[in-house]
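Worksheet: one structure, shown below.
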Amino acid sequence: MSNPSLVVECPHCGLMTARFVDHCRNCGYKLWPSSVMASAAFKAWQAIDPEPRSEVSRFDTDYPVHVDDVVDYEARAHKLGIHISPPSNWPFTICFGLFFLSLAAIPLSSTTRIVLAVIGGLIFLYGVVGWVLVEDVRMFPADSPQTHGEVHH
């Protein structure tokens, strides 16, 4: 149990195979009397030193290697001088308004078309105003506050 290795040499063929599997992966030689016993042995082996052995499966032959592959695309783009627009939900609102406007183009009764056009136009304008006036001002504030319309040079 104190052996940290995940592989053993098969007594029949001599090749290395996973330590806690029932049969050798190469020749099929039975390494454990039953899968229940192999599983119990694996759990006991894992309980002795749980820190490095917690992420290991009984079918593994190597300890897992953790690679930090997280990429910060925003920082990378800034370093390269590329402007990335901040994430926003307003384009979905605008598209939803355009959907209703496009439904108004279907030859239905004139009352239905007018109602759809008004609803679509209001949702579309709400999305444009929200994206341009609300979010754009919040994300990109003015460099210097101007008071009472005076321009400072």
Side-chain angles (χ1 to χ4, degrees), residues 1-9 15-26 31 35-36 38-153:
M1 288 294 142
S2 62
N3 183 2
S5 178
L6 287 172
V7 294
V8 292
E9 185 176 318
L15 294 177
M16 299 301 251
T17 189
R19 182 176 178 182
F20 297 104
V21 294
D22 300 346
H23 301 285
C24 174
R25 290 184 181 171
N26 182 47
L31 299 172
S35 62
V36 174
S39 179
F42 173 72
K43 288 178 183 177
W45 174 83
Q46 208 173 25
I48 289 174
D49 193 12
E51 182 63 33
R53 299 176 183 182
S54 64
E55 296 180 15
V56 177
S57 165
R58 66 177 230 180
F59 305 101
D60 290 340
T61 55
D62 293 320
Y63 285 93
V65 178
H66 295 287
V67 178
D68 187 23
D69 58 353
V70 176
V71 177
D72 186 5
Y73 290 105
E74 204 167 314
R76 195 169 178 188
H78 182 68
K79 182 180 173 184
L80 294 172
I82 300 170
H83 172 72
I84 296 178
S85 297
S88 175
N89 290 330
W90 291 109
F92 295 108
T93 307
I94 293 171
C95 290
F96 193 64
L98 287 175
F99 172 70
F100 277 101
L101 284 172
S102 64
L103 286 177
I106 297 174
L108 301 169
S109 67
S110 60
T111 307
T112 307
R113 292 175 73 183
I114 291 171
V115 169
L116 287 172
V118 169
I119 292 172
L122 289 174
I123 294 173
F124 177 78
L125 288 176
Y126 177 72
V128 169
V129 168
W131 198 10
V132 174
L133 296 180
V134 175
E135 189 167 314
D136 195 38
V137 171
R138 189 183 69 207
M139 290 293 187
F140 305 105
D143 292 338
S144 62
Q146 296 183 4
T147 59
H148 307 294
E150 297 176 10
V151 179
H152 302 285
H153 293 282

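Any value given below was found using the heavy atoms of this structure, including those in side chains, with hydrogens, waters and symmetry copies removed.
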Show me the side-chain donor-acceptor pairs of residues 115-130 shorter than 3.5 Å, one per line, residues at least two apart or across chains.
none

Please table the atom pairs, donor to acceptor, closer than 3.5 Å between any side-chain atom in residues 93-111 and protein atoms at least two apart or in another chain.
| residue | atom | partner | partner atom | Å |
| --- | --- | --- | --- | --- |
| S102 | OG | L98 | O | 3.3 |
| S102 | OG | F99 | O | 2.7 |
| S109 | OG | T112 | OG1 | 2.8 |

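At least one side-chain heavy atom of W45 sits under 4.5 Å from a side-chain heavy atom of R19. Between T17 and L31 the shortest side-chain heavy-atom distance falls below 4.5 Å. Residues F20 and S39 fail the side-chain proximity criterion, which asks for heavy atoms closer than 4.5 Å.
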Applying side-chain contact (heavy atoms from CB on, under 4.5 Å), run through R25 and F59 and close with a yes or a no. CA-CA 10 Å; R25 290 184 181 171; F59 305 101; 3.4 Å; yes

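Applying the side chain to side chain contact (heavy atoms under 4.5 Å, CB included) test to N89 and every residue at least two apart in sequence or in another chain returns F92. Under the rule for a side chain to side chain contact (heavy atoms under 4.5 Å, CB included), the partners of R76 that lie at least two apart in sequence or sit in another chain are V71.
Here CD of E9 is found 10.0 Å from SG of C24. Values are rounded to the nearest 0.5 Å. Rounding to the nearest 0.5 angstrom, the gap separating the CG atom in D60 from the CZ atom in F42 is 7.5 Å. A distance of 4.5 Å separates CG in N26 from CG in L15, rounded to the nearest 0.5 Å. Residue Q46 holds its CD atom at 11.5 Å from CZ of R58, rounded to the nearest 0.5 Å.
Under a cut-off of 6.0 angstrom, the local environment of CH2 in W131 is sparse, with at most 12 non-hydrogen atoms contributed by other residues, nucleotides or ligands.
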